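Okay, structure first, notes after.
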Amino acid sequence: MTAPRNIVVLTGAGISRESGLHTFRDPDGIWQRVRIEDVATPEAFARDPARVQAFYDARRAQLRDPAVQPNAAHRALAELDRRWPGEFLLVTQNVDDLHGRAGARRLLPMHGELAKARCLRCDTVQASPPRLGDAPPCAACGAAALRPHIVWFGEMPLGMERIDAALAACDLFVSIGTSGNVYPAAGFVAEVRGRARTLELNLEPSEGTRFFDEARHGPATALVPEFVAALLEHLQAD
Ligand code: APR
């Protein structure tokens with residue numbers, strides 16, 4: 001099989017599970033404890049901003065826990081990003097900072113980032129204070145109106161033009177640690193199949209597993225380093 005040239009990798013909450021962060025839909029997942037309608041929609045924020053801010057403040061505080069570190073899967077993808085000569089885009093649905101802390105550079109957080117806030121008046125994205133309720137005024141316009149820089153249900157994901165261009169050019173698409181429940185990310189495989197080789201690396205079959213040419217099931221910290229090592233061997237061989 002010839003080596004791929006242009007790679008798109010999509011990740012979900014499963015890649016951060018072994019770093020100690022919960023996923024959303026597993027039995028111990030976040031949506032088993034909190035309702036999406038209460039904390040992850042624009043209507044929820046309009047109705048009770050303090051409750052929404054507290055939800056994201058708590059998840060942001062988790063990222064400062066020394067026990068929460070990038071794992072072998074995050075590090076393997078960062079090495080692939082660093083060494084891959086062709087086009088490479090790591091699209092993550094995750095809002096944690098673990099891919100960035102592992103060293104990924106060609107990284108697109110399509111659902112936003114816990115570490116950032118956004119001004120409701122001028123849309124400027126800026127570093128989030130630890131507690132959004134005590135936020136200073138917007139760094140750009142001075143309004144006292146910051147929201148989490150998180151894409152809520154019903155809102156447009158970030159970077160879709162760049163993602164669509166990368167999907168159009170890729171000949172390898174790899175989906176890691178996502179249940180394939182949320183669009184548009186869940187639809188990426190259907191966009192590329194037939195034109196790109198498609199691979200799912202997940203703890204168990206996802207909603208879209210049947211659309212992939214190949215699916216390997218197991219923990220990301222085992223599957224991802226193995227996958228990356230095989231790809232990089234290709235580089236040496238060719
Ligand atoms: N290694 C690999 N995969 C894992 C691991 C692991 N250690 N642990 C869990 N998984 C898999 C689960 O089997 C599941 O398929 O990760 C997936 C997590 O699925 P979800 O909890 O639905 O998370 P995700 O797919 O990222 O959710 C997508 O939904 O709630 C929104 O915006 C939120 O970005 C999120 C989006």
Side-chain angles (χ1 to χ4, degrees), residues 10-17 19-25 29-65 68 70 74 89-102 104-105 107-164 177-179 181-188:
L10 171 69
T11 63
I15 199 168
S16 297
R17 186 66 194 87
S19 294
L21 295 181
H22 282 105
T23 61
F24 292 95
R25 294 172 183 82
I30 293 170
W31 299 145
Q32 310 305 335
R33 296 194 303 273
V34 181
R35 286 176 356 122
I36 288 171
E37 304 76 32
D38 292 337
V39 294
T41 66
E43 296 77 12
F45 186 68
R47 187 172 53 247
D48 187 352
R51 172 164 192 187
V52 172
Q53 287 167 346
F55 172 69
Y56 290 99
D57 289 350
R59 290 180 60 200
R60 191 175 318 104
Q62 259 196 308
L63 299 184
R64 291 195 299 276
D65 178 343
V68 176
H74 296 107
L89 186 61
L90 172 48
V91 183
T92 188
Q93 299 173 92
N94 299 341
V95 293
D96 65 51
D97 57 356
L98 296 176
H99 281 305
R101 283 166 55 190
R105 291 286 169 270
L107 171 63
L108 201 159
M110 66 181 289
H111 287 169
E113 299 170 73
L114 279 171
K116 294 183 181 165
R118 187 176 350 135
C119 179
L120 287 165
R121 188 162 75 181
C122 72
D123 243 10
T124 302
V125 175
Q126 47 209 286
S128 175
R131 286 166 44 81
L132 261 169
D134 312 339
C138 166
C141 75
L146 294 187
R147 60 165 275 182
H149 181 50
I150 299 287
V151 176
W152 286 323
F153 285 87
E155 294 184 320
M156 269 304 286
L158 305 171
M160 285 309 298
E161 269 182 42
R162 188 175 168 205
I163 294 171
D164 288 338
T178 180
S179 62
N181 267 291
V182 174
Y183 286 79
F188 290 169

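One is the number of the first residue; the rest follow in order along the sequence. These numbers come from the heavy atoms of this one structure, side chains and all, not from hydrogens, waters or symmetry mates. Since the model is a prediction, treat every value here as computed from it, not as a measurement.
Taking 4.5 Å as the limit, some side-chain heavy atom of R118 sits within range of a side-chain heavy atom of D123. Using a 4.5 Å heavy-atom cutoff, the side chains of T41 and V52 are not in contact. Residues C138 and R121 fail the side-chain proximity criterion, which asks for heavy atoms closer than 4.5 Å.
A side-chain donor-acceptor contact under 3.5 Å links E155 to the backbone of W152. The closest donor-acceptor contact from the side chain of D57 to the backbone of L132 lies under 3.5 Å. The main-chain N or O of L114 is never found under 3.5 Å from a side-chain atom of R59 such that the two would form a donor-acceptor pair. Between the side chain of R25 and the main chain of W31, no donor-acceptor pair closer than 3.5 Å is present. Put simply, the side chain of T92 gets close to the backbone of N94: a donor and an acceptor are under 3.5 Å apart.
In terms of heavy-atom proximity, R60 sits nearest to P129 at NH1-O, 3.3 Å. Nearest approach of T124 to A140, heavy atoms of both residues: OG1-CB, 3.4 Å. Closest of all the heavy-atom pairs between Y56 and P148 is CD1-CG, 3.8 Å. Counting all heavy atoms, side chain and backbone alike, P70 lies closest to R101 at CG-CB, 3.8 Å. The two residues P184 and M110 come nearest to each other via the heavy atoms CG-CE, 4.0 Å. Residues G142 and P137 share a closest heavy-atom pair of O-CB, 3.2 Å.
The CG atom of L21 sits 9.0 Å away from atom CG of D65, with the distance rounded to the nearest 0.5 Å. Residue L108 holds its CG atom at 7.5 Å from CG of L158, rounded to the nearest 0.5 Å. Distance CZ/R105 to CG/L107: 9.0 Å, rounded to 0.5 Å. The CZ atom of R131 sits 9.0 Å away from atom CD of Q53, with the distance rounded to the nearest 0.5 Å. To the nearest 0.5 Å, atoms CD1 (I30) and CZ (F55) are separated by 5.5 Å. The CD atom of E113 sits 8.5 Å away from atom CG of D97, with the distance rounded to the nearest 0.5 Å.
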Legend entry - Step-by-step side chain to side chain contact (heavy atoms under 4.5 Å, CB included) determination, S128 to H149: CA-CA 8 Å; S128 175; H149 181 50; over 6 Å; no

Inset, instruction - Apply the test side chain to side chain contact (heavy atoms under 4.5 Å, CB included) to residues V91 and F188: give CA-CA distance (whole Å), side-chain angles for both, the deciding distance (0.1 Å), then the verdict. - result: CA-CA 11 Å; V91 183; F188 290 169; 4.3 Å; yes

Inset, instruction - For H99 and S16, run side chain to side chain donor-acceptor pair (under 3.5 Å): C-alpha distance rounded to whole Å, both residues' side-chain angles, the deciding distance at 0.1 Å, then the answer. - result: CA-CA 9 Å; H99 281 305; S16 297; over 6 Å; no

Inset, instruction - Show your working on side chain to side chain contact (heavy atoms under 4.5 Å, CB included) between R33 and H22 and close with a plain yes or no. - result: CA-CA 11 Å; R33 296 194 303 273; H22 282 105; 4.2 Å; yes

Inset, instruction - Test side chain to side chain contact (heavy atoms under 4.5 Å, CB included) on D38 and R47 and set out the steps. - result: CA-CA 9 Å; D38 292 337; R47 187 172 53 247; 4.1 Å; yes

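Checking V39, L120, I150 one by one against F45, the side-chain contact (heavy atoms from CB on, under 4.5 Å) holds for a single residue, L120.
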